[in-house]
Structure formats: C-alpha cells, structure tokens
There are 2 protein chains.
Amino acid sequence: MALLGFERHDHDSCVSDTLSAAEAHCAEAGLRLTPVRRRVLEILLERHRALGAYDILETLAAEGLGSQPPVAYRALDFLVKAGFVHKIERLNAYVACAHPGDSHAPAFMICRSCDSVAEAQASLAAGALGDAAKAAGFRIERTVVEAEGLCPGCLKRGDAT
Amino acid sequence: MALLGFERHDHDSCVSDTLSAAEAHCAEAGLRLTPVRRRVLEILLERHRALGAYDILETLAAEGLGSQPPVAYRALDFLVKAGFVHKIERLNAYVACAHPGDSHAPAFMICRSCDSVAEAQASLAAGALGDAAKAAGFRIERTVVEAEGLCPGCLKRGDAT
DNA sequence: ACTCCAATGTTATTGTGTAACATGGCTTGC
DNA sequence: GCAAGCCATGTTACACAATAACATTGGAGT
C-alpha cells in the first residue's frame, strides 16, 4: 500500500487502470506502446515514486529489456511526450502522471526527507506569472512548478524538522 | 513585478552596485565573500545570463582561481544559500539574482530559443498550489517556478516559432 | 519480395555533481 | 605567543545524467 499524493489507495488497480488507459489512448492516437515503453510506465506506477533513469534502467536490465542508457531515455522521452510521465527537474527524476487525461499544467510537492512526490494541478500561466509574462511580452509554452518541503508523514514523525 | 531580463539597462552600474550590496550584506551577516565567491558572482553579473557550473569554472581556471569542479560548486552553493544567485533547474545553470534583498520566491521565464532568462516575483505559495499544499498537509519550504517559452525578442524575429 | 520507417541495440562520449581526504590560514581562548 | 579548531580551498577520483552516432531489426504498405 503506497501513497498517492500523500494518501493510501488501492495500488494494484491504480497500476492496471492507468496502464489500460494508456494502451487505449495510444491505440486511439496511433502511438506505439511497445514492451519497453509499457514496462517503463509500469515500473513507475508500481514503485509509485520519482525514479532516476538509471534506477529504471537497472530494472529493465534485470529483465533483459535493455541495458544501455538510451533504452531508458528513449522510453522516457516517449512517455513524457505522450503525457503519461512527468520529469521532476529538481530531482532529475521521472514520475508517472497522477491525473492522466486531464489537461496538463502539473505542479509537484516534493518531500525533502522521504523524496515522495505528490502531483497537483496549477494553472500557473493564469496567475501572477502569467501577468508578468504578458507584461514582458513573453509567450509561455510550458511551466515547471515544484514545491520542496516536508510531507505530512515526515512532519508528523518530526523527521528533519 | 520588475523585470531585468528582456530589457536594456546600465550594465556596468548594475554589476558594481550588486557586488557592493553583496559585500555589505555579507559584512553585516558575518558571511565571508572570499575572492573566489566574489569573482563567481561577478562573472554571473557580467555575463548576465544563465551559466553552467563548468562555464564558470572555465573562467575561474583561466584566472588561476581554481580548476576543479568543487571550487565552482562550493562557491555557487554559498551564493545560492546567501540568495545572491539562483539555480535554474530546467537548465542546470545558475544566474545572478535580479532582485537582491527582496523577499524571495523567484520565478523565471526562460527563452527556449536564445536561452535568456528573466526573473520575476511569484509568491506561489499564496496561490493555488498553496491551497493544495495546505489541504494535503504539506509544508512548503522552497519553490521552483520556471516558465519556458519565447522571449519578446525571439518572438519578434520569428525565431523558432 | 522490396522499401521505408520506426524502434531497438550498442559503443562511446559529454555534461553535471559529489565524496573524501589533504592543506592552509585565520581567530580565539589560554 | 601558541595551540586548537574551524572554515575555506586544493585535489583526486568517481557517480550520476544525458546524448551522439551508427548498426540492426522488424513490421506496414506497395
């Protein structure tokens, strides 16, 4: 039983549901969810946390699905472009999208103590930064919003207060 | 919402003023703005753009101020902690703070065509993400807010539209 | 059967960042 | 003065992150 956001949930079904949804979406959009790509997404869903490309590669290698960095990076590129996975810039790590299908301006809360990551929606461009961009004549195409701090669990335990 | 990044300004005085202010602040706070640290800040101010640690190191090395990565990284760590420099996570690069002294929740606009970076203020924690964090019981300590897109100059020239 | 193209396999390299330990120099208390 | 301790720096070596470039495979369409 792992954490979504910072709460418990039915993890088995969350994994299989998301995989099914991804398959359906790919079929519809003419994208190819190949074995490696599918397995990378599954790994991220199973572990349910931000993983480095080399962590993922380790698992792939153990399963005979590829042992060199480009294998992992190419699968991740595909999944990120398709919107199934997000990159956490602050951690140089990747995490399965928690709101697949939703329109996307993801924001993340990253616990500096246990490294758990929760995804929220933040339509940044609509707020103060959007105004600043408009004033400056800057055209926003993508946003990175990541908050670092302490998750409820670590706060409660008094970790790294 | 002051912007430095995409507009002309008196660069010489911006460099020397900021350096003086940094010196004053360090003296007051009991921090040591050593030659390497001071020079790194000066390099960032002079070039007035986001620089990788190894770019900075190259300049330092040419001046006999240190040739190994830890020299640059330690100086950058100091400057970031002191608030004189920000790291742009999306670029793995560092940029001198454009609003030294102000209370700090910096936000950045990054041009994907010319790599220029403008700094704005965005009190993120006060907005939608702050609400989400409060609801989740997450304590925000630091925020990374970076918008990627096209700056006015590149838009006007039609670069990479 | 052939061609094309997308995906994968593989080698090698570049870029980013840190661990760990040695040295030097200042300051603070004695 | 001088010893102790601390902070900054010097240096080696390495770990982690990402990509370039090229070879190979395998299916889709003709």
Side-chain angles (χ1 to χ4, degrees), chain A residues 22-23 26-27 29-41 43-44 49-82 84-95 110 112 115 144 146 148, chain B residues 22-23 26-27 29-41 43-44 50-82 84-95 110 112 115 144 146:
Chain A
E23 262 166 9
C26 284
L31 301 173
R32 294 166 59 180
L33 191 62
T34 62
V36 187
R37 293 169 176 177
R38 192 191 140 94
R39 183 61 185 131
V40 169
L41 177 55
I43 290 167
L44 284 168
R49 47 175 299 145
L51 295 175
Y54 282 68
D55 292 331
I56 293 167
L57 183 59
E58 214 172 291
T59 303
L60 289 180
E63 298 171 359
L65 276 172
S67 60
Q68 300 305 318
V71 173
Y73 281 104
R74 287 194 284 232
L76 287 167
D77 283 349
F78 170 86
L79 293 167
V80 167
K81 274 195 192 115
F84 302 138
V85 166
H86 299 300
K87 178 173 184 186
I88 310 293
E89 298 290 344
R90 170 79 195 164
L91 302 176
N92 294 320
Y94 302 82
V95 69
I110 306 167
R112 67 167 161 81
D115 278 333
V144 174
E146 298 171 1
E148 194 179 352
Chain B
E23 261 165 9
C26 283
L31 300 173
R32 295 167 57 181
L33 191 62
T34 62
V36 187
R37 293 169 176 176
R38 191 192 141 94
R39 183 61 185 132
V40 168
L41 177 55
I43 290 167
L44 284 168
L51 295 176
Y54 282 68
D55 292 329
I56 294 167
L57 183 57
E58 212 171 294
T59 303
L60 289 180
E63 298 171 359
L65 274 173
S67 59
Q68 300 306 317
V71 173
Y73 281 105
R74 286 194 286 233
L76 287 167
D77 284 350
F78 171 86
L79 294 167
V80 167
K81 277 198 191 111
F84 301 137
V85 166
H86 300 299
K87 178 172 186 187
I88 310 294
E89 298 289 344
R90 171 77 194 162
L91 301 177
N92 295 320
Y94 303 82
V95 68
I110 307 166
R112 68 167 160 81
D115 278 334
V144 173
E146 297 171 3

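All chains are named by letter (A, B, ...) in the order of the sequence lines, taking the proteins before the strands, and each is independently numbered beginning at 1. Worth knowing before you read on, the calculation uses all heavy atoms, side chains too, and leaves out hydrogens, waters and symmetry mates.
Protein chain B contacts DNA chain D from D:dC7 to D:dT12, reading 5' to 3' and using non-hydrogen atoms of the protein with a distance under 4.0 Å.
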Using nucleotides 16-18 of chain C, report all nitrogen or oxygen pairs with the protein that are shorter than 3.5 Å.
| unit_1 | atom_1 | unit_2 | atom_2 | d |
| --- | --- | --- | --- | --- |
| C:dG17 | OP1 | B:Lys87 | NZ | 2.5 |
| C:dG17 | OP2 | B:Tyr73 | OH | 3.1 |
| C:dG17 | N7 | B:Tyr54 | OH | 2.7 |
| C:dG17 | O6 | B:Tyr54 | OH | 3.4 |

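At most 12 non-hydrogen atoms from other residues, nucleotides or ligands lie less than 6.0 angstrom from CD of B:Glu58.
Of the residues in residues 31-40 of chain B, those placing a heavy atom less than 4.0 Å from an atom of DNA chain D are B:Arg32, B:Thr34, B:Val36, B:Arg37, in numerical order.
Residues B:Ala53 and B:Ala72 approach most closely at O-CB, 3.8 Å, considering heavy atoms. Here the closest non-hydrogen pair linking B:Val85 and B:Tyr94 is CG1-CB, 4.0 Å.
Here the P atom of nucleotide C:dA7 and the CG atom of A:Leu76 are 15 Å apart, to the nearest Å. If you measure from atom CG of B:Leu51 to atom C1' of C:dG15, you get 15 Å, rounded to the nearest angstrom.
Rounding to the nearest 0.5 angstrom, the gap separating the CG atom in A:Leu79 from the CG atom in A:Leu44 is 7.5 Å. The distance from atom OH of A:Tyr73 to atom CG of A:Leu57, rounded to the nearest 0.5 Å, is 9.0 Å. A:Ile110 CD1 to A:Glu148 CD: the interatomic distance, rounded to the nearest 0.5 Å, is 6.0 Å. Rounding to the nearest 0.5 Å gives a distance of 4.5 Å between CD1 of B:Ile43 and OG1 of B:Thr59.
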- Starting from the C-alpha separation in whole Å, work towards a yes-or-no answer on side chain to side chain contact (heavy atoms under 4.5 Å, CB included) for A:Leu76 and A:Arg37. CA-CA 7 Å; A:Leu76 287 167; A:Arg37 293 169 176 177; over 6 Å; no
Verify side chain to side chain contact (heavy atoms under 4.5 Å, CB included) between A:Val71 and A:Val36, making sure each step is shown before the conclusion.
-> CA-CA 8 Å; A:Val71 173; A:Val36 187; 3.9 Å; yes
| message | Using the rule given for side chain to side chain contact (heavy atoms under 4.5 Å, CB included), can you reason through A:Ile88 versus A:Glu146, listing the C-alpha separation, both sets of side-chain angles and the distance that settles it, and then say yes or no? | response | CA-CA 8 Å; A:Ile88 310 293; A:Glu146 298 171 1; 3.9 Å; yes
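Annotation: side-chain contact (heavy atoms from CB on, under 4.5 Å) contacts of A:Ala62 (sequence neighbours excluded): none. With sequence neighbours left out, the side-chain contact (heavy atoms from CB on, under 4.5 Å) criterion links B:Arg74 to B:Pro70.
Overall, the helix from C:dA1-D:dT30 to C:dC30-D:dG1 carries an axis bend of 20° between its ends, with five pairs at each end and the value rounded to 10°.
By the 4.0 Å N-to-carboxylate-O rule, B:Glu89 lies close enough to A:Arg90 to be salt-bridged with it.
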